[in-house]
Amino acid sequence: MRETVELIDRFIGIFGEKPELVAFAPGRVNLIGEHTDYNGGHVFPCALTLGVSCAARPRNDRILRFASLDLPGEIIETDLDSLLPLSRRVWTAYPEGVIHSFIEEGFRIDTGADMLFYGDIPSGVGLSSSAAVEVATGVMLREMFGLRLSSERIAQLCQRAENRYVGVSCGIMDQFASAMGRNGHAIFLDTHSLLFEYAPLAMEDAEIVIVDSRVKHSLAGSAYNDRRRECEEALAALSTVLDIDALCHITPDQFEAVKDVIADPICRRRAKHAVYENARTVAALEALDRGDLFKFGRLMNESHVSLRDDYEVSCPELDVLTEIAWSIPGVIGARMTGGGFGGCMVAIVEKASVEEFTAAVSAGYEAKTGLKAGFICVQPGDGAHIIKN
Ligand code: GLA
């Protein structure tokens, strides 16, 4: 791979020696099941072939040096004894957090390392570049220190890093998809039990197209954590009449019967989204199993409406993108994807209509917002792995 050769060359240029290994972790796109992963529900993401590579070499001391090809000339230095949760405002909080999380878990990491990162996935667009940085670090640590842990466990430790070290209360979806992806498949994951199955995405006549609204989202922004709190408040109210420990453990019918115990109308709408979105995600797997892509697409559209109106995590630009997409005949389904407040739309488009889709979305979006949409062609790819050692 040309990028790997270049990464190794640049590593030598920056750190003076060859890296010992190169790890890769993909980004992900979530097809359906949004904001369900911290509510004990299902998600349906697939890993991408785009992602983050990390070239690394152990050191003889306890120093950690981080560099990124995206930020030429900058080396950020710290050491194993100075890793402090919530102390960092720079990108290295992600890999540092993972190292911290591994040490906290009792894994023996007793020497520092030099690390160089390179990503071919845009950051801040809802395709989980930060989870890819975390999981690439996790897989690199496992290899470098000969640690015995599964990829699922790596995903959990990376989530912990993001929750406790970076300070974003994200669920497990992104890290799990990045660690566990499989070429040509999406992952149907129960985020409560972590039981999962791979669903083949053999869509002969259709393609997944991602459209970047070019509105950057910021997950660390308080809105994500607000949604979590609102869901917790709704759960506390529902728990007074139902024996449940997660919003997604009830059906829409059960929810409708008791929803009025949630006094705050905002919290009620947040809970409604979580409950119905979980049901949609389960129905989406069934539809895919039956080969009913049109049903799958309708569920995606409904997901967007719910995220827009009840969960309120869309933004005007993503709404414009989806409205345009829905009006194009060859579009099977389209919705915002990821945390929201900007980022990307994911659409399933009939192969024969992809060109028309691209042209119509570009022109319509620019006319309405003045912004140029970005188009990302994706293939469902494998989870994190070592690409060179
Ligand atoms: C972000 C989080 C995930 C998930 C999604 C919304 O990507 O990192 O855990 O909550 O938002 O579905």
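Indexing begins at 1, ligand by ligand and atom by atom, following the structure's order. Sequence positions, counted from 1, serve as the residue numbers for this chain.
- Looking at ligand 1, you'll find an N or O of E34 within less than 3.5 Å of one of its N or O atoms.
- Those atoms of ligand 1 that come under 4.0 Å of a heavy atom in H35, given as number and element, are 6 (C), 12 (O).
- By the 3.5 Å distance cut-off applied to N or O atoms, G171 is counted among the residues near ligand 1.
- The nearest pair of heavy atoms linking S169 to Y224 is O-CE2, 3.3 Å.
- Atoms of ligand 1 lying under 4.0 Å from at least one heavy atom of M173, given by number and element, are 4 (C), 5 (C), 12 (O).
- Close to ligand 1: R28, with a non-hydrogen atom less than 4.0 angstrom away.
- Per-residue contacts place C170 under 4.0 angstrom from the following atoms of ligand 1 (heavy atoms of the residue considered): 2 (C), 8 (O), 9 (O).
- Inspection of the S128 and D174 side chains reveals an N or O donor paired with an N or O acceptor under 3.5 Å.
- The nearest non-hydrogen atom to atom 3 (C) of ligand 1, considering only D37, V313, T191, comes from D37.
- Paired with I376 under the rule side-chain contact (heavy atoms from CB on, under 4.5 Å), one option of V346, L127, V209, V211 passes, and it is L127.
- Note: H185 and Y198 have perpendicular aromatic rings, judged against thresholds of 30 and 60 degrees for the angle between ring planes.
- Of all atoms in ligand 1, numbered sequentially from 1 with element shown, those under 4.0 Å from a heavy atom of Y38 are 10 (O).
- The aromatic rings of H385 and F24 sit tilted relative to each other, their planes meeting at an angle between 30° and 60°.
- R65 and T78 are not linked by any side-chain donor-acceptor pair at a separation below 3.5 angstrom, with hydrogens and angles left out of the test.
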